[in-house]
Amino acid sequence: MAPSKILNIQNKQSGTNVTNTRKRIATRSQNSALNNVLVKPPVLGKDPRVKRKAEASPPKEKTTKRSALGNITNAIGKTLGTHQTQEPKKTVKKTAVTQVKPFTQTSSIRTLEKVVTKPEVIPQKPKPVPRVKPVKKDDGKVEIPSKIVKVRRSLDLEKSEDSSLYVSALDDIGDDSTKKFRKSNIQPEEIEETDEKNEPSEPQVPAEVEEKLVTNQLDAVPERTLPEGVQWDFDVENWLDPFQVSHYAMDIFDYLKEREHLFSIGDYMEKQVCLSRWMRALLVDWMVEVQESFELNHETLYLAVKLVDLYLTKVIVGKETLQLLGAASLFIASKYDERIPPMVEDFLYICDGAYTQRELIRMEMSILKVVDFDLGIPLSYRFLRRYARCAKVSMPTLTLARYILEYSLMDYSTIMFSDSKMAASALLLALQMKDLGGWTPTLKYYSGYSVDDIRDIVNIMNQGLHRNLKEDGLHRKHKETLTTIHNKYSHKIFFEVATLPLKDTLNI
């Protein structure tokens with residue numbers, strides 16, 4: 001019976017009558033009925049909040065849109081949660097408090113003046129320090145007072161107490177000038193005159209003189225002595241064209257030539273037990289098809305093929321992972337050269353679901369580690385564009401050289417040559433096929449190679465083109481399968497250069 005006593009005592013203290021516990025038990029329907037009967041009508045100015053259901057929509061007057069910048073509108077809605085009858089009362093009270101009626105009384109005017117003047121007096125501005133003349137001592141030495149040094153302080157520094165954080169440019173100039181004046185033996189009268197002259201404006205060079213200096217330095221076309229036989233200086237002719245980068249073009253391509261030995265490729269097919277030359281050519285043909293379907297840059301294709309060869313020189317790859325290597329190389333090259341590279345899902349799709357996303361990313365990491373994250377590889381396509389521009393070759397001839405160079409990507413016998421020599425050889429073979437002459441002194445000057453340096457490579461490229469058109473026995477399979485590049489350059493966009501007749505003998 002102890003609990004009943006405790007309940008009786010609590011009920012007595014609170015002043016309520018003791019009721020039976022069974023009467024306290026009620027269902028939800030009974031409670032709702034009691035609430036409807038007992039709840040008093042809502043008083044103006046109070047939100048009764050009877051319904052707490054999610055289905056109950058707020059009144060139309062209180063609806064607010066949800067903003068994208070967080071809960072700003074929600075906070076406004078909470079402030080507008082009261083009835084409209086309450087808002088004018090609040091505004092009236094505020095206006096009654098803020099209005100100051102007794103303006104005619106002298107006491108109120110004094111109090112208001114005090115209130116207004118107090119915030120202006122708080123940030124006390126220091127009075128301008130007058131210039132103090134230097135005091136001469138008996139010894140004849142001149143001492144510059146310390147106040148002169150601090151005259152050129154900025155207003156921000158004077159207002160702020162923390163002088164170590166906020167220092168303006170004028171302060172630095174003033175400090176440097178005072179240090180220079182202290183070191184020199186200038187008299188104080190000259191110091192004051194120079195300060196007064198330099199304070200309003202610093203001496204400036206006239207605009208006409210500046211323009212002449214700039215034009216003389218940048219627009220001055222250099223005079224170069226060219227070797228015998230060179231018809232023109234391409235860089236000097238385009239000196240004022242910022243897109244040609246004529247100031248640095250020669251140095252850029254010389255630097256790329258110096259880096260070619262860092263990416264040399266040897267005969268790795270002997271180490272690759274599971275691979276063959278035919279499989280590599282088939283992989284390159286598939287990569288060209290991917291480049292054409294995704295509309296990637298040609299530099300992306302050349303870089304991807306170079307990454308494949310560099311990886312195969314150091315890592316032994318199985319037959320199953322060869323296509324994964326080509327897809328990962330294209331993925332890396334597209335992220336390096338493309339503005340909008342394809343996504344991982346696109347490369348998984350072109351592999352026909354043979355690999356997972358994890359496998360592709362792991363192969364990408366492996367390639368980057370083997371290359372040591374150095375993707376600035378000299379590419380033959382860039383050299384070919386440079387040589388064709390300098391020689392002022394027509395676009396159909398340049399497209400034919402591109403076809404020869406791109407077809408040589410499938411030829412395993414050309415992987416050991418440098419990219420600059422490959423570009424020069426493709427251009428020379430295109431000139432021979434078009435009957436436009438041979439290797440001119442202009443091409444020799446800009447490429448740095450003579451005909452003797454590239455003669456063997458030109459013959460190998462020509463043999464590769466002939467090998468593709470043979471119909472007998474062994475090479476018929478190659479002709480039927482490796483047709484992507486030939487079909488690509490047979491289009492009118494590429495001037496149908498793949499349909500041109502080949503040369504049996506070259507005049508080089």
Side-chain angles (χ1 to χ4, degrees), residues 263-294 296 298-337 341-373 375 377 379-380 406-417 419 464 467-468 474-475 477-488:
F263 305 98
S264 59
I265 300 171
D267 188 5
Y268 60 81
M269 200 55 70
E270 296 179 358
K271 301 177 183 178
Q272 302 292 337
V273 182
C274 303
L275 303 181
S276 62
R277 297 186 178 186
W278 159 248
M279 293 173 63
R280 180 192 173 276
L282 192 63
L283 176 66
V284 174
D285 184 82
W286 175 78
M287 293 171 71
V288 174
E289 187 177 356
V290 173
Q291 180 261 336
E292 192 176 7
S293 60
F294 283 166
L296 303 175
H298 286 87
E299 292 87 349
T300 304
L301 173 65
Y302 281 81
L303 179 58
V305 174
K306 198 76 174 179
L307 290 174
V308 169
D309 291 331
L310 289 171
Y311 188 82
L312 292 176
T313 53
K314 298 181 181 180
V315 181
I316 298 175
V317 177
K319 181 180 179 180
E320 298 80 9
T321 58
L322 184 62
Q323 188 179 6
L324 179 62
L325 174 62
S329 300
L330 280 170
F331 185 45
I332 295 170
S334 62
K335 289 195 289 185
Y336 185 77
D337 275 317
M343 300 177 67
V344 184
E345 290 79 7
D346 298 330
F347 288 99
L348 295 176
Y349 175 76
I350 59 174
C351 293
D352 200 11
Y355 310 103
T356 61
Q357 183 176 354
R358 181 180 178 84
E359 291 175 346
L360 181 63
I361 293 174
R362 289 183 66 181
M363 178 58 73
E364 179 190 5
M365 295 168 62
S366 179
I367 294 171
L368 291 173
K369 288 179 181 177
V370 168
V371 183
D372 197 13
F373 295 88
L375 299 177
I377 303 172
L379 302 177
S380 57
E406 191 168 331
Y407 189 82
S408 67
L409 292 175
M410 295 188 298
D411 195 355
Y412 178 78
S413 59
T414 60
I415 64 171
M416 290 159 296
F417 300 115
D419 288 75
R467 193 182 302 119
N468 184 36
L474 180 64
H475 299 288
K477 181 181 178 182
H478 290 257
K479 183 179 182 298
E480 293 175 356
T481 309
L482 306 176
T483 58
T484 304
I485 299 175
H486 187 272
N487 295 334
K488 175 182 175 181

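All values derive from a computational prediction rather than experimental measurement.
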Grab the two heavy atoms, one from Thr313 and one from Gly266, that are nearest each other, plus how far apart they are.
-> CG2-N, 4.2 Å

Would you find a donor on one side and an acceptor on the other, under 3.5 Å apart, between the side chain of Asp285 and the backbone of Thr484?
-> yes

Residues Met287 and Ala304: closest non-hydrogen pair is CE-CB, 3.5 Å

Would the number of heavy atoms belonging to other residues, nucleotides or ligands and lying under 6.0 Å from CE of Met416 be above 12?
-> yes

Distance col, row Ser380:OG vs Glu299:CD, nearest 0.5 angstrom, shows 10.0 Å

Pick out which of Phe347, Tyr349, Phe331 makes a ring-ring contact (aromatic ring centres under 6.0 Å, His included) with Phe294.
-> Phe347

Specify the closest pair of heavy atoms between Glu406 and Val288, including all atoms of both residues, with the distance to one decimal.
-> OE2-CG1, 3.5 Å

Walk me through it: do Trp278 and Leu482 pass the test side chain to side chain contact (heavy atoms under 4.5 Å, CB included)?
-> CA-CA 10 Å; Trp278 159 248; Leu482 306 176; 3.7 Å; yes

To the nearest 0.5 Å, how far apart are OG1 in Thr321 and CZ in Arg362?
-> 12.0 Å

Interatomic spacing from CG in Leu379 to CG in Leu301 - rounded to 0.5 Å | 10.0 Å

Is the shortest heavy-atom distance from the side chain of Pro342 to the side chain of Leu296 under 4.5 Å?
-> yes

Does a side-chain heavy-atom distance below 4.5 Å link Leu375 with Leu307?
-> yes

Where is the tightest heavy-atom contact between Leu310 and Ile265, given as atom of each residue plus distance?
-> CD2-CG1, 3.9 Å

So, Glu292 side chain and Lys488 main chain: donor-acceptor pair closer than 3.5 Å or not?
-> no

CG of Leu368 to CD1 of Ile332, rounded to nearest 0.5 Å, is 4.0 Å

For residues Tyr268 and Tyr412, establish whether the separation of their ring centroids is below 6.0 Å.
-> yes

Is there a donor-acceptor contact under 3.5 Å from the side chain of Ser293 to the main chain of Glu289?
-> yes

Indicate the atoms forming the closest heavy-atom contact of Leu275 with Gly318, along with that distance.
-> CD2-O, 4.1 Å

Would you check if the side chain of Tyr311 reaches a backbone N or O of Val371 as a donor-acceptor pair within less than 3.5 Å?
-> no

Please say whether more than 12 non-hydrogen atoms of neighbouring residues, nucleotides or ligands are located less than 6.0 Å from CE in Met343.
-> no

So, Gln357 side chain and Glu345 main chain: donor-acceptor pair closer than 3.5 Å or not?
-> no

What distance do Leu330 atom CG and Leu303 atom CG have between them, rounded to the nearest 0.5 Å?
-> 9.5 Å

Sidechain-backbone polar pair: Glu364 side chain, Ala327 backbone, donor-acceptor under 3.5 Å = no

Minimum heavy-atom distance between Met410 and Arg280, given as atom pair plus value = O-NH1, 3.5 Å

Out of curiosity, Glu359 CD to Cys351 SG, how far, rounded to the nearest 0.5 Å?
-> 10.5 Å

Do Trp286 and Ile350 come within less than 4.5 Å of each other through their side chains, counting heavy atoms only?
-> yes

Would you say Ser329's side chain and Leu325's backbone share a donor-acceptor pair under 3.5 angstrom?
-> yes

Ignoring hydrogens and geometry, is there a side-chain-to-backbone donor-acceptor pair from Asp309 to Lys306 under 3.5 Å?
-> no

